[in-house]
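In each ligand, atom 1 is the first atom listed, and ligand 1 is the first ligand listed. Keep in mind that this is a model prediction, so the values were computed, not measured.
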Amino acid sequence: RKRVLSGIQPTSDSFHLGNYLGAVQQWVKLQDEFDEAFYFIPDLHAITTAHDPKALRERSRRSVAQLLALGVDPGRATIYLQSHVPQIAQLTWVLSCLTGFGEASRMTQFKDKSAKAGVDHASVGLFTYPILMAADILTFQVDSVPVGEDQRQHLELTRNLAQRFNSRFGKTFRVPEAFIVSETAKIYDLQNPSAKMSKSAESDSGLINLLDDPKRSAKKLRSAVTDNGREISFDRAEKPGVSNLLTIQSALTGTAVADLVAGYEGQGYGQLKVDTADALTEFVTPLRERFDELLSDTTEIDRVLAAGAERAREVASRTLQMVYDKVGFVAPS
Ligand code: TYM
């Protein structure tokens, strides 16, 4: 049975447009194409940097409500919180013992994040974060992991660890593939179209939060940085700002970039911005309504999470048992 899995961190009140176009939009498609889908909220990852417990609890539920509102279907996908599946943390330890210190030190996301905090302020958890992520994936014996470009290196580590374990202890793990859609794998900051859109950017004027008032987001889109020249064309190197807007509008409306470009002949950047803002407003307006409704009574969310946790633990405990046996732990009698 073919399986797909992915996760999104509960580290802000709203997913941003990069999260949706780079990842969750694919999750929704792939839940139909695969026999089984596992979509989860990595709350253990969310404590690798300083956090507020109350906000975390709230954001975990908000994240689930957003997934449901975006079209992740609990009838077709197993939806769960990482902390509800203790086997993941147990597997992390075993994988940690197979990971080289140098290998972990080469993870660029750790280097970036720890450089920002100052290495003395970075936690060991932040350092071993990619190993926890490998355990997230390998525990569920999955084939495909839909993510944005920034997760590619973590997926490479995951594959290496799976292969290393398999060759050392015998075939145990399925070796997963990253599923990265090149068009939308990296959505850029509206004010700085050479950097990825990110909640940790210095200014939030280049960031579109799905749950924000669409008026506020439309304003940000209208003041997006565009490029020299006047002609609307798709050219990542010469026109990164325009290309980013074309990508966003194309992914939101389902119209191919080439068709958009053809339609803009003789028109200026202003029109592109207005149309992209309209496409966003049309997308988020019903989304925000569904989200509010789902969050108004959390019993449904908690029910989805309870069912998801049960199914996830079932799969996870099978893998963990096999792993513990292979590495030579005595089974408890
Ligand atoms: P996170 O929570 O930072 O982001 C969730 C997903 O959104 C993608 N993404 C983007 N895609 C395109 N353009 C952008 N600007 C952009 N920003 C973010 C991310 O690539 C990701 O797919 N470590 C992961 C969470 C995780 C995970 C896992 C994912 C934990 N365990 C196991 C897959 C499998 C993370 O921090 O994603």
### Query
Quick check, are the ring centers of Phe173 and Phe165 under 6.0 angstrom apart?
yes
#### Entry: Considering all heavy atoms, the nearest Ser12-Ser14 contact
OG-O, 2.9 Å
#### Entry: Main-chain N/O of Asp235 paired with Ser243 side-chain donor or acceptor, under 3.5 Å
yes
#### Entry: Trp27 vs Val4 side-chain heavy atoms within contact, under 4.5 Å
no
### Task
Indicate, as side chain, backbone, both or neither, the part of Tyr188 found under 4.0 angstrom from ligand 1 when only non-hydrogen atoms are considered.
neither
### Query
Does ligand 1 have a heavy atom under 4.0 Å from the side chain of Asn19, from its backbone, from both, or from neither?
both
### Message
Using heavy atoms and a 4.0 Å limit, tell me yes or no: is Tyr129 in contact with ligand 1?
### Response
yes
### Task
Please check if atom CD in Glu310 has more than 12 non-hydrogen atoms from other residues, nucleotides or ligands closer than 6.0 Å.
no
### Nearest option to atom 37 (O) of ligand 1, as decided by whichever heavy atom of Gln25, Gln82, Gln151, Lys186 sits closest
Gln151
### Query
Are the side chains of Pro214 and Arg288 in touch, meaning some heavy atoms are under 4.5 Å apart?
yes
### Task
Can you pull out the closest protein heavy atom to atom 25 (C) of ligand 1? Residue, atom name and distance to 0.1 Å, please.
Gly7 O, 3.7 Å
#### Entry: Distance-only N or O hit between ligand 1 and Gly148, under 3.5 Å
yes
### salt_bridge(Asp13, Arg59) N-O dist < 4.0 Å
yes
### Message
Does only the side chain of Thr184 get under 4.0 Å from ligand 1, or the backbone, or both, or neither? Count heavy atoms.
### Response
backbone
#### Entry: Within reach of ligand 1, part of His16 (heavy-atom separation under 4.0 Å)
side chain
### Query
For ligand 1, which atoms have a heavy atom of Val147 less than 4.0 angstrom away?
22 (O), 33 (C)
### Task
Please state whether the rings of Phe38 and Tyr80 are parallel, tilted or perpendicular, taking 30° and 60° as the class boundaries.
perpendicular
### Task
Given salt bridge (Lys or Arg N to Asp or Glu O under 4.0 Å), test Asp143 with Lys2 step by step and report yes or no.
CA-CA 6 Å; Asp143 304 276; Lys2 291 273 176 208; 3.7 Å; yes
### Polar contact flag, side-chain donor to acceptor under 3.5 angstrom, Thr158-Asn160
no
### Task
Provide, to 0.1 Å, the distance between atom 6 (C) of ligand 1 and the closest protein heavy atom, together with that atom's residue and name.
Ala23 CB, 3.7 Å
### Query
When you measure from atom 14 (C) of ligand 1 to each heavy atom in Pro130, Pro10, Gly18, which option holds the nearest one?
Gly18
### Query
How far is atom 31 (N) of ligand 1 from its nearest protein heavy atom, and which residue and atom name does that atom have?
Asp136 OD2, 2.6 Å
### Summary
Closest non-hydrogen contact found for Arg236 with Thr247 is NH2-OG1, 3.6 Å
### Query
Among protein heavy atoms, which lies nearest atom 2 (O) of ligand 1, and at what distance?
Gln9 N, 2.9 Å
### Task
With heavy atoms under 4.0 Å as the rule, classify the contact between Ala185 and ligand 1 as side chain, backbone, both or neither.
backbone
### Task
Number the atoms of ligand 1 from 1 as they appear, then name those within less than 4.0 Å of a heavy atom of Ile187, with their elements.
12 (C), 13 (N), 14 (C), 15 (N)
#### Entry: Test item: Leu95 and Leu138 side chains (from C-beta on) under 4.5 Å apart, heavy atoms
yes
### Message
Heavy-atom distances under 4.0 Å decide this one: backbone, side chain, both or neither, for Phe40 against ligand 1?
### Response
side chain
#### Entry: For atom 3 (O) of ligand 1, the protein heavy atom that lies nearest, with its residue and separation
Lys199 NZ, 4.3 Å
### Query
Any idea which atoms of ligand 1 are less than 4.0 Å away from a heavy-atom of Val145?
33 (C), 34 (C)
### Query
Does an N or O anywhere in Asp150 fall below 3.5 Å from an N or O of ligand 1?
yes
### Task
Check each atom of ligand 1 against the heavy atoms of Gly22 and keep those under 4.0 Å away; list them by number with element.
11 (N), 12 (C)
### Summary
So for Ile137 against ligand 1, with non-hydrogen atoms under 4.0 Å, the contacting part is side chain
### Query
With side chains defined as the heavy atoms from C-beta onward, is the minimum distance between Asp43 and Ser83 less than 4.5 Å?
yes
